[in-house]
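Each chain gets a letter, A, B and so on, in the order the sequences are listed, and its residues count up from 1. Nothing here was measured: the structure is a model prediction, and the numbers come from that model.
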Amino acid sequence: MEKFTNVSGVAAPMPLVNIDTDMIIPKQFLKTIKRSGLGVNLFDEMRYNLDGSEISDFVLNKPAYRNAEIIVAGENFGCGSSREHAPWALKDFGISVVISESYADIFYSNCFKNGILPIMLSKEAIDVLMEDASKGENARISVDLESQTVSATDGTEYRFEVDAFKKHCLMNGLDDIGLTFQKIDAVDAYEKAQIKTKPWL
Amino acid sequence: MSAPKTLYDKIWDAHVAHEAEDGTCLLYIDRHLVHEVTSPQAFEGLRMAGRTVRAPDKTIAVPDHNVPTTTDRVEGIDNEESRIQVDALDVNAKEFGIHYYPVSDVRQGIVHIVGPEQGWTLPGMTVVCGDSHTATHGAFGSLAHGIGTSEVEHVLATQTLIQKKSKNMKVEITGSLLPGVTAKDITMNVIGKTGTAGGTGYVIEYCGQAIKALSMEGRMTVCNMAIEGGARAGLIAPDQKTFDYCNGRPNAPKGSDWDLALESWKGLYTDENANFDQIITIKAEDIAPSVTWGTSPEDVLPIDAVVPAPEDFKGGKIDAVKRALAYMGLTPGQKLSDVEIDTVFIGSCTNGRIEDLRAAAEVLKGQKIKNGMRAMVVPGSGLVRAQAEEEGLAQIFMDAGFEWRMAGCSMCLAMNPDQLAPEERCAATSNRNFEGRQGRGGRTHLLSPAMAAAASITGKLTDIRTFNGGA
């Protein structure tokens with residue numbers, strides 16, 4: 001996984017609550033056997049008409065947001081299906097930070113495996129950042145993972161919480177499987193004990 | 001004496017293979033279920049890193065999301081991308097030596113129906129699958145939840161998951177359900193009460209008299225939709241019904257192993273005075289046969305209610321409801337029982353088991369679906385299908401005008417050819433009413449199998465309590 005670097009860029013405002021992973025990447029694009037190439041279909045049904053033409057008033061189709069790196073979203077972002085295609089599509093489009101009041105658990109966890117930082121902030125902070133985001137290219141939001149802060153355009157800094165282990169992995173681009181193999185003796189020991197006490201497993 | 005524990009605490013504690021100082025754990029996984037959509041990238045990752053599947057005997061694969069449900073599917077899958085994905089699972093299952101039920105096998109079906117049916121799911125286990133409806137298996141008192149594809153790869157390689165413990169929530173359903181009210185209505189009403197994010201960060205234990213009274217099939221329906229309330233997992237303490245269901249299944253323990261397992265399973269309950277971070281209590285008598293009206297599973301109301309107005313809500317939900325009503329083509333104040341439907345879908349990991357088919361067939365016996373109605377039954381597995389045929393249910397469905405399909409996920413997520421057209425309105429026994437879920441522009445109303453059957457006859461969302469046959 002690539003190391004997460006700090007972001008300072010345009011943020012797309014998506015105030016809708018409960019944006020689900022079916023919206024982020026509809027099922028017809030889950031038929032791929034690859035991780036890449038999904039960005040063009042990110043938010044497909046909100047972004048394109050049936051004939052494939054763009055829906056001009058959808059945020060990511062507006063000139064200011066075509067290269068957005070951040071999404072500021074309504075609460076419970078990423079609910080529903082566990083499909084990791086959702087963070088794959090976001091990342092492939094160029095989004096590396098999502099800012100919302102809350103996330104669904106599985107989506108939240110999937111983001112960290114793909115170099116995306118999902119930031120949780122209070123409603124008050126989100127309101128300010130949503131307003132900033134609506135100014136398009138005239139407002140850049142900055143995200144610093146090391147210091148765990150988001151800076152609004154007026155310079156106000158909002159501190160966010162992130163699990164120390166997840167932060168460490170994201171900042172160093174670490175592969176979870178490699179890390180777990182360092183502790184594989186514990187898994188071997190667990191299995192040995194389990195065979196004795198629970199042979200039916 | 002140690003502190004009292006919840007059922008979740010007990011299963012969690014029994015599966016921690018390693019705990020770091022910050023509480024990050026390696027949780028050992030007893031069963032890993034795999035399907036064709038969320039696994040190809042994980043197997044590819046293993047291959048590229050030169051890794052193997054650590055515990056192929058604990059890994060079970062079945063294609064379900066993409067497979068066509070028409071009987072001609074044995075001749076092959078027309079859609080090239082779907083075919084490639086199913087073929088990839090064939091190849092991966094063979095190459096990595098995991099248990100596999102191919103499309104041609106009568107035991108093939110939806111992964112969450114096949115697991116319990118084949119005795120892979122047992123009490124006290126940890127079960128994961130790259131699918132959010134893995135919560136279903138919690139009905140056995142096993143800790144079961146959905147994971148992403150990176151985690152699928154992690155489990156394949158290490159048989160563990162990196163996890164921090166969730167919080168405990170108790171959802172108690174007291175008393176007895178009234179006639180016409182089902183497990184589906186319980187689970188939808190819980191979501192209506194908590195909201196789709198109310199369970200985020202929690203594992204839910206469902207308990208109370210109404211839960212105890214449910215069959216295993218009903219309990220699976222309840223746990224299945226825990227994820228729609230935001231909870232990664234739902235749990236129900238195992239009891240004699242659970243043990244009877246498991247006993248004799250192909251992969252359940254036998255002989256002295258069975259006795260040993262049973263002894264262990266009898267300790268799977270929440271201790272008296274164990275701490276829950278949140279408790280929700282619902283009286284069973286307060287639950288009515290319910291339907292969804294919007295595009296989120298929390299948008300649920302009793303069938304005798306009317307479509308709400310955006311002003312009935314607060315905050316960001318107001319705009320979401322405006323959008324949902326426009327998408328659904330509904331008007332505030334409109335009676336839900338006046339909403340006319342085009343299509344009925346009975347099936348899915350929520351309601352595709354034999355009991356669900358029996359409930360629907362009971363309503364359809366001697367009846368005909370409304371003229372012009374499109375109606376299909378998609379059994380949850382090949383074995384459910386075979387049993388329904390043996391019991392004469394298939395004939396009832398076909399006589400009524402339903403299409404009798406092969407097993408798979410089908411129109412629950414419409415990855416195969418079973419899809420809604422724009423603005424086509426469907427009464428569905430599945431679990432998600434999201435925009436575009438059953439086909440772009442399609443309109444979904446979630447409900448129980450009996451209510452779906454009644455709707456197919458009247459052509460409208462129908463109150464099963466007052467339904468007395470075709471008009």
Side-chain angles (χ1 to χ4, degrees), chain A residues 15-18 20-23 26-28 30-35 44-46 50 74-76 79-85 87-88 101-110 113-114 123 163-166 175-181 183-184 186-187 189-191 194 197-201, chain B residues 17-18 20 22 24 26 28 30 37-38 40-41 44 49 51 65-66 81-82 84-85 88 122 125 130-132 146-151 153-154 157-160 162 164 196-197 200-201 230 232 253 257-258 260-261 264 296 315-317 319-320 323 413-415 422 432 434-437 440:
Chain A
L16 188 64
V17 299
N18 297 332
D20 57 69
T21 53
D22 273 81
M23 279 183 186
K27 71 256 165 196
Q28 60 268 36
L30 308 188
K31 296 185 181 185
T32 177
I33 55 171
K34 298 182 188 148
R35 284 178 158 97
D44 194 87
E45 291 176 5
M46 300 163 94
L50 277 171
E75 64 186 308
N76 198 29
C79 61
S81 159
S82 62
R83 58 189 70 167
E84 199 162 317
H85 308 67
W88 293 338
E101 267 182 79
S102 60
Y103 300 87
D105 282 340
I106 303 176
F107 174 81
Y108 186 76
S109 158
N110 283 342
K113 319 277 184 197
N114 293 284
K123 182 173 187 316
D163 178 83
F165 175 71
K166 287 192 165 87
D175 161 31
D176 279 351
I177 298 177
L179 288 174
T180 297
F181 272 119
K183 300 168 193 152
I184 209 72
V187 182
Y190 180 90
E191 270 182 349
Q194 196 192 49
T197 56
K198 294 178 179 170
W200 67 88
L201 291 171
Chain B
H18 180 273
D22 71 346
T24 304
L26 282 181
Y28 192 80
D30 295 323
V37 176
T38 57
Q41 294 88 348
E44 188 58 20
R51 289 167 176 151
H65 282 57
N66 264 302
E81 288 173 299
S82 294
I84 289 171
Q85 222 170 31
L122 298 168
M125 280 182 165
D131 190 284
S132 59
I147 55 178
T149 298
S150 295
E151 290 174 316
E153 188 178 338
H154 192 277
T158 70
Q159 206 56 27
T160 64
I162 301 173
K164 271 195 173 167
T196 51
T200 303
R232 260 203 177 193
D257 272 358
W258 172 262
L260 207 57
S264 159
S296 165
K317 187 72 184 171
D319 282 341
R323 184 183 169 97
L413 87 167
M415 271 191 81
R432 288 192 175 128
F434 295 155
E435 282 183 24
R437 172 78 179 180
R440 183 168 177 159

With side chains defined as the heavy atoms from C-beta onward, is the minimum distance between [X] and [Y] less than 4.5 Å?
X: B/T200; Y: A/Y108; result: no
X: B/E435; Y: A/D20; result: no
X: B/R51; Y: A/F181; result: yes
X: A/I33; Y: B/Q85; result: yes
X: A/E191; Y: B/Y28; result: yes
X: B/Q41; Y: A/H85; result: yes
X: B/D319; Y: A/P15; result: no
X: A/K31; Y: B/I84; result: no

Please state whether the side chain, the backbone, both or neither of [X] comes within less than 4.5 Å of a heavy atom of chain B.
X: A/E75; answer: neither
X: A/T32; answer: both
X: A/K34; answer: backbone
X: A/D105; answer: both
X: A/Y103; answer: backbone
X: A/L179; answer: neither
X: A/L30; answer: both

Does the side chain of A/D176 come under 3.5 Å of the side chain of B/S150 through a donor N or O and an acceptor N or O?
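The criterion, which ignores hydrogens and geometry beyond distance, is not satisfied for B/S150 and A/D176.
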Between chain A and each of [options], count heavy-atom pairs under 4.5 Å; write down the option with the most.
options: B/I162, B/T160, B/T38; result: B/I162
options: B/A20, B/G230, B/S82; result: B/S82
options: B/A261, B/G316, B/A197, B/P40; result: B/A261
options: B/M125, B/H154, B/E44, B/K317; result: B/H154

Quick one: of [options], who has the most non-hydrogen atom pairs under 4.5 Å with chain B?
options: A/P199, A/S81, A/P87, A/A189; result: A/S81
options: A/Q28, A/M46, A/K113; result: A/K113
options: A/N110, A/T180, A/D163, A/V17; result: A/T180
options: A/P26, A/A164, A/S109; result: A/S109

Counting only heavy atoms closer than 4.5 Å, note whether [X] contacts chain A via side chain, backbone, both or neither.
X: B/I147; value: backbone
X: B/T196; value: both
X: B/A49; value: neither

Identify the two heavy atoms, one from [X] and one from [Y], that lie closest to each other, and give their separation to 0.1 Å.
X: B/R437; Y: A/D22; value: NH1-OD1, 3.0 Å
X: B/R440; Y: A/E45; value: NH2-O, 3.3 Å
X: B/S132; Y: A/S82; value: N-OG, 3.3 Å
X: B/R432; Y: A/G80; value: NH2-C, 3.1 Å
X: A/W200; Y: B/P253; value: CB-CB, 3.5 Å
X: A/K27; Y: B/M415; value: CB-CG, 3.6 Å

Run the numbers on B/R232 and A/I106 for side chain to side chain contact (heavy atoms under 4.5 Å, CB included), then give the verdict.
CA-CA 8 Å; B/R232 260 203 177 193; A/I106 303 176; 3.6 Å; yes
Interatomic spacing from NZ in B/K164 to NZ in A/K166 - rounded to 0.5 Å
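Going from the NZ atom of B/K164 to the NZ atom of A/K166 covers 7.0 Å.
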To the nearest 0.5 angstrom, please state how far the OG atom of B/S296 sits from the CG atom of A/N76.
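So the OG of B/S296 and the CG of A/N76 are separated by 8.0 Å.
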